Amino acid sequence: MGYDEIMKLFLERGFLMPSCEIYSDALAGFWDYGPHGNTIKNRYVDLWRRELVRRDGMIEIDGTQVMSKKVFVASGHLESFVDPIVKCEKCNATHRADRLIQEATGQLVPERLPVEQLDQMVVENGLRCPSCKGLLGKARRFNLMFRVGVGAADDDSYLRPETCQSIFVDYPRLFKVMRLRLPIGVAQFGKSFRNEIAPRQGVMRLREFYQAEIEVFFNPERANDLGKYEEVKDQKINLDLDGNMLQGVKCSEAFEQKHVPNKIVAYYLALLHQFYEKAGLDMKKSRFRRLGGQEKAFYAEAAFDFEVETSIGWVELVACNYRTGYDLAAHSKVSGQDMAVLDGDKKVVPHVFELSMGIDRSIYCITEHTYAAEPERTVIRFKPHLAPVTVGILPLVNKDGIPETAKGIYNALKTRYDAFYDESGSIGRRYRRLDEIGCPACITIDYQTLQDNTVTLRDRDSMKQIRINKDQVELTLEKILRTEDVFKQ
RNA sequence: GCGGUCGUCGUCCAGUCUGGUCUAGGACAUCAGCCCUCCAAGCUGACGACCUGGGUUCAAAUCCCAGCGACCGCACCA
């Protein structure tokens, strides 16, 4: 089940389309969601709300995408979300300045070294372009944030490169007015923007993309004081410790053996595992990979990437970062706001554990894990609660009052469910079309319906049919949406 | 950003090398009609494309240049 196959289906069936596609200057790294893709995305986010936000008693906000410059002075993005690059003046190849020098001289070159020093090191060591031996130009910093000129004065501001900064800057007011107590998760779903130099692989690396982020604020002295940890401590996860794979290790073991820093982290890794299981990922192909010092983001003390195996390799779906007090301390310093809050009778600056989820790539990976090209048909076995169409309503033939009866059933369902009415083509063709977009159930109206008010209900996964009474349809759909097996006889 | 390959109906392919009957052809899909009592049947018809912009030429889908995009490799990637 390859990447090309999935992307082709996405394009042909209205899941995704390239943004601005009819214009010749369309940009790489920007994609529009079509109707089915949009529905899946909405349903995926609903699942996230149910299984993470509500389950854990988090609160959710929706912040702006354009944010002021000082936010990113404080967060470090203006300074650190950059690549120091040098361009060859002869062949125009771009190289990472720090890596170039490091490779040539063997000495460690910090990424954040001023460009003047980088230039000096290039000159001192007589470095040339590794591709063509041409002369190198001056080093400069390429920032991956999109700059936005706001107002007539064209004031510098930026499109947020991660949604979580909204949470950090809103945090002091939220804590006061929402009567929060530690530990508390603050969640947000929305767009983020990164000016990738070379976006690739469709929806896997975008310049404009959806994130669902959760920032858990907690008192670092009470990181193991977490009652609800007991609920999930036996959850088994796959843990990759520097290439050493622990299959099916209990979260409690991971904590006791100090593979994860505290119970907070263990608890949320378990929750995340359970969430993706409900989203339909093949969890045998998943792992939490602990990141080493070089790989971690500049703010993270400990980091676990939740990754899944796909036809294009291991894909990172969620970055789980223990950000410590980095963000609140930084915002406190730059803004002058006191970010300390009361926990019991002590004032503390909370620490943050973050679950930063990529929505677009999650949807791709779920699709790949549930897609099957069978000899007779193509079918996506989306969990019913994620499927873009929940139920197809099909008249077996287009005469003798059968379409009218079918439309009656459709009209009764359409405001409550994503129902789809189709009378075009043979019944088999209509089943195939709905299989291909992952619709879990079809209701077919035939001559018997006219006599005894029963309809057939067809199962996407097995193609089996059962007969139920018209009055049972809604109840049965509810069961299907709860992933109960209504076809078992 | 660099290098390579490529860009024709929604999809796949023919045509490009060797410019002209290409007013761009076929298959699948879609739509309409006929037929029809459960898994892509059949028949009839319809819709539908040369990535964009320049250039060469009497004539460009075809040759040249540039741009944009896709894929692969490099580099990059919270």
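Lettering follows sequence order; numbering is per chain, from 1. Every value quoted in this text rests on a predicted model; they were computed, and no experiment measured them.
Relative to the side chain of A:T456, the nucleotides B:rC36, B:rA32, B:rC38 differ in distance, and B:rC38 lies closest. Here B:rU11 is the nucleotide among B:rC31, B:rU11, B:rC39 with the atom lying nearest to any side-chain atom of A:K8. If you check B:rA41, B:rU37, B:rA32 against the side chain of A:S426, the one that comes closest is B:rA41. Nearest to the side chain of A:R433, among B:rC39, B:rU30, B:rC38, sits B:rU30. Minimum atom distance to the side chain of A:V397 is reached by B:rC36, of the listed B:rU30, B:rC36, B:rC39.
Comparing the same atom, P, in B:rU62 and in B:rG15 gives a spacing of 15 Å after rounding to whole Å. For the P atom pair drawn from B:rC50 and B:rA24, the interatomic distance equals 11 Å after rounding to whole Å. Taking atom C1' in both B:rU23 and B:rG48, one finds a spacing of 16 Å when rounded to whole Å. Taking the P atom of each, B:rA70 and B:rC65 are spaced 22 Å apart, rounded to whole Å. Comparing the same atom, C1', in B:rC28 and in B:rA41 gives a spacing of 15 Å after rounding to whole Å. The separation of B:rA27 from B:rG45, taken at their P atoms, amounts to 12 Å, rounded to a whole angstrom. Here the separation of B:rA59 from B:rG54, taken at their P atoms, is 15 Å to the nearest Å. Taking atom P on both nucleotides, B:rA66 is separated from B:rC77 by 30 Å, rounded to a whole Å.
Taking for each of A:S424 and A:V455 the nucleotide of RNA chain B with the nearest heavy atom, the 5'-most of the two is the partner of A:S424. Of the residues near RNA chain B, A:D422 and A:Q451, the one whose nearest nucleotide (by heavy atom distance) lies more toward the 5' end is A:D422.
Residue-level contact check: A:N398 touches the bases, meaning some heavy atom is under 4.0 Å from a base atom. Among the atoms of the strands shown, only primed sugar atoms or phosphate atoms (P, OP1, OP2) are found under 4.0 Å from some heavy atom of A:E12. No contact: A:L144 has no heavy atom under 4.0 Å from any strand. Residue contacts shown for A:E21 are absent, as no nucleic acid heavy atom lies under 4.0 Å away.
Annotation: cation-pi geometry not satisfied between A:K464 and A:F487 (NZ/CZ under 6.0 angstrom from ring centroid, within 45° of ring axis). The cationic group of A:R287 lies under 6.0 Å from the six-membered ring centre of A:W314 and within 45° of the ring axis, placing it in a cation-pi geometry.
Taking atom CG of A:L396 as the reference point, atom P of B:rC35 lies 16 Å away to the nearest angstrom. Atom OH in A:Y431 sits roughly 10 Å away from atom P in B:rC38 (whole-Å rounding). We find that CD of A:E162 is positioned 16 Å from P of B:rC77, with the value rounded to whole Å. Distance CZ (A:R432) to C1' (B:rA40): 6 Å, rounded to an integer number of Å. If you measure from atom CG of A:N195 to atom C1' of B:rC76, you get 12 Å, rounded to the nearest angstrom. Rounding to whole angstrom units, CD1 of residue A:I22 and P of B:rC9 are separated by 15 Å. When rounded to the nearest whole Å, the span between CD of A:E423 and C1' of B:rC38 equals 16 Å.
In this structure, A:D461 pairs ionically with A:R381, as a charged nitrogen and a carboxylate oxygen lie closer than 4.0 Å. For A:E196 and A:R207, the salt-bridge test fails: no basic side-chain N is under 4.0 Å from an acidic carboxylate O. Comment: A:R467 engages A:D446 in a salt bridge, judged by a side-chain N to carboxylate O separation of less than 4.0 angstrom. A salt bridge does not link A:E436 with A:R433: none of the charged nitrogens is closer than 4.0 Å to a carboxylate oxygen. A:K69 has no carboxylate O lying under 4.0 Å from a charged side-chain N of A:E79, or vice versa, which leaves the two without a salt bridge.
Among residues two or more places apart in sequence or in another chain, the ring-ring contact (aromatic ring centres under 6.0 Å, His included) test is passed with A:F218 by A:Y322.
Results of the side chain to side chain contact (heavy atoms under 4.5 Å, CB included) test with A:Q165 over A:E213, A:Q188, A:H331, A:R160 single out A:H331 as the only residue that passes.
Judged by distance alone with a 3.5 Å cut-off, a donor-acceptor contact links the side chain of A:Q465 to the base of B:rC38. The base of B:rC77 lies outside donor-acceptor range of the side chain of A:R194, with no N or O pair under 3.5 Å.
Heavy-atom distances under 4.0 Å link RNA chain B to no residue of residues 354-361 of chain A. Contacts between residues 204-213 of chain A and RNA chain B, defined by a heavy-atom separation under 4.0 Å, are made by A:R205.
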Problem set entry | Under the 3.5 Å Watson-Crick or G-U criterion, the dot-bracket string of RNA chain B, with | for inter-strand pairs | (((((((..((((......[....)))).(((((.......)))))....(((((..]....))))))))))))....

Sequence neighbours left out, cut at 3.5 Å: what donor-acceptor pairs do the side chains of residues 402-412 of chain A make with other protein atoms?
unit_1: A:T405; atom_1: OG1; unit_2: A:G401; atom_2: O; d: 2.9
unit_1: A:N411; atom_1: OD1; unit_2: A:K414; atom_2: NZ; d: 3.0
unit_1: A:N411; atom_1: ND2; unit_2: A:K407; atom_2: O; d: 3.3

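For A:K399, a side-chain nitrogen or oxygen approaches OP1 or OP2 of B:rU37 to under 4.0 Å. Phosphate proximity of B:rU30 to A:R429: present, with a side-chain N or O under 4.0 Å from OP1 or OP2.
The ring pair (Phe, Tyr, Trp, His ring centres under 6.0 Å) contacts involving residues 184-206 of chain A comprise A:F189-A:Y210, where partners must be two or more places apart or lie in separate chains.
Taking the centre of each ring, A:Y171 and A:F217 come in below the 6.0 Å mark.
Put simply, CD on A:E215 and CG on A:L355 are 8.0 Å apart, with the number rounded to the nearest 0.5 Å.
Scanning all heavy atoms of the two residues, the minimum distance from A:E316 to A:R361 falls at O-NH1, 2.8 Å.
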